[in-house]
Amino acid sequence: MKYNLAVLKGDGIGPEIIDAALLVLRRVEETFGHEFSCHFANIGGAAIDSCGEPLPKETLDICLASDSVLLGAVGGPAWDSLPSELRPEKALLTLRKELGLYANLRPALLLPQLADASPLKPSVIGDGLDLLVVRELTGGIYFGDKGTGEDFAYDTEKYYDYEIRRIARTAFEMAKNRKKKVVSVDKANVLASSKLWRKTVSEVHEAYPEIELSHMYVDNAAMQIATHPGQFDVILTSNMFGDILSDLAATITGSIGMLPSASTGEGRRGMYEPIHGSAPDIAGKNIANPMATILSLAMMLRTAFGLSEEAERVELAVRRALDEGYRTADIFSEGKTLLGTREMGEKIASLI
Ligand code: NAD
């Protein structure tokens with residue numbers, strides 16, 4: 001079978017982690033006899049430098065014509081002083097909106113092999129951590145009305161009930177194949193948008209009696225993730241709260257370099273990317289961890305292309321590399337074998 005895929009390497013460590021993931025993709029191709037046709041396009045700072053805008057029309061067209069999008073990361077200090085409309089990060093917001101990708105799925109799984117890399121005490125981790133943050137991605141404060149005056153600035157958190165309804169359905173559907181528990185996180189004691197959020201999520205829940213739903217304020221949720229992470233299964237939340245809480249959940253799994261994400265909408269097409277950014281502090285040194293990108297690739301194989309067996313083989317290869325003691329610098333500990341970005345990609349590809 002032939003699959004069309006847009007590949008956006010982006011900035012910083014983006015090209016290194018994508019190149020490592022493509023080694024794995026090529027191995028999947030050889031092993032299973034598929035054909036993945038990769039269409040490369042510019043995005044972020046690299047696109048600003050070459051075309052003067054973070055999301056050139058050609059890039060958007062390539063993404064719209066593809067079955068799925070694999071993204072590295074965008075941004076970096078070279079473009080930090082640009083106005084927000086022209087910054088690399090704007091490309092991501094526009095791309096998600098244009099592709100209708102309103103649901104961001106961020107699994108945070110603490111692999112037993114990396115328990116010693118978690119900043120949490122073993123007594124807090126307990127039986128482990130396996131949660132899924134379902135973050136609303138195309139609404140809320142990142143897209144609301146904003147402005148700056150001489151001595152003030154503002155951003156607006158605004159949600160329509162249809163936006164809450166569809167992301168709530170995604171969370172309940174995801175929970176069906178997990179532990180059937182959804183915690184909806186908001187700030188309904190203070191924010192009008194959160195009051196609507198809580199009411200709407202409760203209404204959608206009526207169609208999912210088999211799923212347990214509870215509500216939690218975001219400040220308490222942050223505390224609970226750090227102190228009792230094992231209580232969570234699916235966390236459903238808004239764009240900004242999800243952005244923050246998923247980084248927190250990621251950190252306690254050992255390294256932000258381990259966690260994949262998928263952004264999906266109504267159809268099968270999605271965008272798959274690590275949750276971390278372009279890590280300019282380590283870019284170009286061949287030391288970034290490519291596992292989050294490789295695991296994002298696995299999510300793409302499963303969700304966008306329906307290739308579950310292939311996805312499992314990739315996930316298993318990552319776990320085997322860890323079992324055999326291979327580590328990148330961010331998760332390295334005494335007695336393990338240190339690998340660079342490319343070498344880790346080669347190792348995982350060889351274990352497919
Ligand atoms: P970051 O995630 O890039 O880096 C945070 C820390 O984690 C850094 O110390 C970095 O070295 C480390 N890190 C990140 N990924 C790693 C990996 N794969 N392996 C090992 N270590 C890794 O976040 P930041 O420093 O806040 O942002 C840097 C740039 O990335 C900014 O321009 C920001 O806007 C952008 N950003 C982009 C995305 C995206 O493209 N989706 C997401 C977040 C931030």
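Both counts, for ligands and for their atoms, begin at 1 and track the order of listing. FYI, side chains are in, hydrogens and waters are out, and symmetry mates aren't considered; it's all heavy atoms of this structure.
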Salt-bridge test for D61 and K57: reply yes if a basic N is under 4.0 Å from a carboxylate O, no otherwise.
yes
Charged N-O contact under 4.0 Å between E203 and K199
yes
Once rounded to the nearest 0.5 Å, what's the spacing between atom CZ of R269 and atom CG of L5?
12.5 Å
Going by an N to O cut-off under 4.0 Å, is there a salt bridge joining E334 and R327?
no
For F143, is the NZ or CZ atom of K97 found under 6.0 angstrom from the centre of its six-membered ring and inside 45 degrees of the ring axis?
yes
If the criterion is any heavy atom closer than 4.0 Å to an atom of ligand 1, which residues make the list?
I13, A73, V74, G75, G76, E89, L92, I256, G257, E273, H276, G277, S278, A279, P280, D281, I282, A288, N289, D330
Does K347 come within less than 4.0 Å of E343, counting only side-chain N to carboxylate O?
no
